[in-house]
Number of protein chains: 2
Amino acid sequence: MVDKSRQYSISQLAKEFDVTPRAIRHYEQIGLIAPQRVGQNRIYNAADRIRLKLIVRGKRLGLSLEQSREIINMYEHGANNAAQLETLIDAIRLQRERLQAQLEELNSMLGDLDQAEAESLEALAHSDRAKAG
Amino acid sequence: MVDKSRQYSISQLAKEFDVTPRAIRHYEQIGLIAPQRVGQNRIYNAADRIRLKLIVRGKRLGLSLEQSREIINMYEHGANNAAQLETLIDAIRLQRERLQAQLEELNSMLGDLDQAEAESLEALAHSDRAKAG
DNA sequence: CGCCAAGTTGACGTTAGCGTTAACGAAAGG
DNA sequence: CCTTTCGTTAACGCTAACGTCAACTTGGCG
């Protein structure tokens, strides 16, 4: 388990998540992360690290930084009244529906690729027989 | 079933797949589609339509046009020797692995959202009790 | 004939998401 | 003291994927 009080430099996080420091600074510029400063150096804590994790994960999913921002906001709701909570839940449901739709696209795409592969394998089998014959 | 010999205008396809004519022309510029011409007008056939379908599907998945190009090539293999076929199969497997990885990311993301939602619902329940109490 | 709707070809503009210098500061080591 | 090794800001550059004109043609239609 990652120590809750741990601190990280920009290059440490960059290495861990395989992104450039420049990218991390960019996320900060657009307000996705807000690390502490010691002098003018950035110091990242566990929460910052989680945010970055969500961002890179979103990237692997093809999400835009704005979409990742929404997801991050869901994690850091801290909503303290019912209205806020319901708004939050709606947002989560919406995002989940988007992802579900994406998941279905993905599955149908995988199905198509399976079929294409099967056809190729069949063609390959035929060509093998032709060679053998 | 869509008539194999059907023809479509650019705006017909644009409407069907909810993209702009400009976008379709762009796909042509980068060599993803190559419709016939009647005079200077573009006429799309069933195969062109399928290609467009693959492209928009890829877009919903967050694929780049170059990645979609690869997938399209898989469908239109026409590989006629064993070496080509094996190369094709490798390409398909690679793409499938990419998509599989994406699918796993997606599932873990959905899991997180479920959890976030559950926590929100719980908080909401507490606030309800507070109101009721 | 006049005109509109749908099509065409440039060509420049725009947004996202960083990459890439440039120019500099501060700590660590030989 | 000099040189790496991180770090910093500022600013311009770049690719992808179109959007957005402009300027024009073409086929009906009243």
Side-chain angles (χ1 to χ4, degrees), chain A residues 6-45 48-49 51-73 95 98 102 105 109, chain B residues 6-45 48-49 51-73 95 98 102 105 109:
Chain A
R6 266 211 64 178
Q7 308 207 127
Y8 312 83
S9 74
I10 194 167
S11 55
Q12 277 172 10
L13 287 187
K15 192 168 291 182
E16 176 174 358
F17 295 110
D18 194 33
V19 296
T20 66
R22 172 67 179 96
I24 298 182
R25 290 194 197 100
H26 176 65
Y27 303 146
E28 180 177 348
Q29 277 184 33
I30 65 174
L32 288 183
I33 310 186
Q36 288 176 26
R37 295 292 184 125
V38 171
Q40 70 174 4
N41 286 37
R42 294 168 172 84
I43 297 295
Y44 300 85
N45 61 25
D48 297 324
R49 186 176 158 281
R51 267 171 232 145
L52 185 53
K53 187 174 193 169
L54 288 173
I55 295 170
V56 301
R57 202 195 243 173
K59 282 192 55 185
R60 283 202 288 272
L61 272 174
L63 300 188
S64 73
L65 293 181
E66 289 311 310
Q67 288 174 312
S68 289
R69 185 198 302 277
E70 292 180 41
I71 292 184
I72 288 176
N73 288 340
Q95 188 77 32
R98 284 183 206 153
Q102 211 178 123
E105 285 289 324
M109 206 89 168
Chain B
R6 265 211 67 178
Q7 309 207 127
Y8 312 83
S9 75
I10 193 166
S11 55
Q12 278 172 10
L13 287 188
K15 193 167 291 182
E16 176 175 357
F17 294 109
D18 195 33
V19 297
T20 65
R22 172 67 178 95
I24 299 182
R25 290 194 196 101
H26 177 66
Y27 302 148
E28 180 177 348
Q29 277 184 32
I30 65 174
L32 288 182
I33 310 185
Q36 288 177 24
R37 295 293 184 124
V38 171
Q40 70 174 6
N41 286 37
R42 294 167 171 82
I43 298 295
Y44 300 83
N45 62 26
D48 296 324
R49 185 176 158 282
R51 267 171 233 144
L52 185 54
K53 188 174 193 169
L54 288 173
I55 294 170
V56 301
R57 204 193 243 173
K59 283 192 55 184
R60 283 201 288 270
L61 272 174
L63 300 189
S64 74
L65 293 182
E66 290 311 311
Q67 288 175 312
S68 290
R69 186 198 300 279
E70 291 181 40
I71 291 184
I72 288 175
N73 288 339
Q95 188 78 33
R98 283 184 207 151
Q102 209 178 125
E105 283 290 323
M109 206 90 169

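Chain letters run A, B, ... following the sequence lines, proteins first, then strands; residues in each count from 1. Just so you know, these numbers come straight off a predicted model, no measurement behind them.
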**Asked** Whole-Å distance between dA5(C) C1' and I10(B) CD1?
**Response** 15 Å
**Message:** So, does Y27(B) get its side chain near the phosphate of dC18(D), meaning an N or O under 4.0 Å from OP1 or OP2?
**Reply:** yes
**Item:** Which nucleotide in dG7(D), dT8(D), dC18(D) has an atom nearest any side-chain atom of S11(A)
**Value:** dG7(D)
**Prompt:** Is any side-chain heavy atom of K53(A) less than 4.5 Å from a side-chain heavy atom of E16(A)?
**Reply:** no
**Asked** Separation of E66(B) atom CD from dA17(D) atom C1', in whole Å?
**Response** 11 Å
**Complete:** Testing dT8(C), dT8(D), dG17(C) for proximity to the side chain of N41(B), the answer is dT8(C)
**Request:** Just compare dT8(D), dC18(D), dT9(C) and give me whichever is closest to any side-chain atom of R42(B).
**Result:** dT9(C)
**Asked** Any donor and acceptor pair, going by atom type alone, linking the side chain of Q12(A) with main-chain N or O of S9(A) inside 3.5 Å?
**Response** yes
**Prompt:** Please give, in whole Å, the distance from dC6(D) C1' to Q40(A) CD?
**Reply:** 12 Å
**Message:** Taking the minimum atom-to-atom distance to the side chain of K59(A), which one of dT9(D), dC18(C), dG7(C) wins?
**Reply:** dC18(C)
**Asked** Hey, is R69(B) close enough to E66(B) for a salt bridge, meaning N to O under 4.0 Å?
**Response** yes
**Request:** Take the protein atom OH of Y8(A) and the nucleotide atom P of dG7(D), then report the distance between them rounded to whole Å.
**Result:** 15 Å
**Item:** Check: D48(B) and Y8(B) side chains under 4.5 Å, non-hydrogen atoms
**Value:** no
**Prompt:** If you look at every heavy atom in L54(B) and M109(A), which pair is closest and at what distance?
**Reply:** O-CE, 4.4 Å
**Prompt:** Reckon I30(A) touches a base, only the sugar-phosphate, or nothing at all at heavy-atom distances under 4.0 Å?
**Reply:** nothing
**Fill in**
Separation of dA16(C) atom C1' from Q67(A) atom CD, nearest Å, is 12 Å
**Asked** So, does the side chain of R22(A) form a donor-acceptor pair with the base of dT20(C) at under 3.5 Å?
**Response** yes
**Item:** Atom-pair distance (CD1 on I43(A); P on dA26(C)), nearest Å
**Value:** 16 Å
**Request:** Give the rounded distance in Å between these two atoms: CD of Q29(B) and P of dA11(C).
**Result:** 11 Å
**Item:** Whole-Å distance separating the NE2 atom of H26(B) from the P atom of dT15(D)
**Value:** 14 Å
**Request:** Report the residue (I55(B) or S9(A)) whose heavy-atom-nearest nucleotide on DNA chain D is the more 5′ of the two.
**Result:** S9(A)
**Asked** Out of dG19(C), dG7(C), dT8(D), which nucleotide sits closest to the side chain of R25(B)?
**Response** dG7(C)
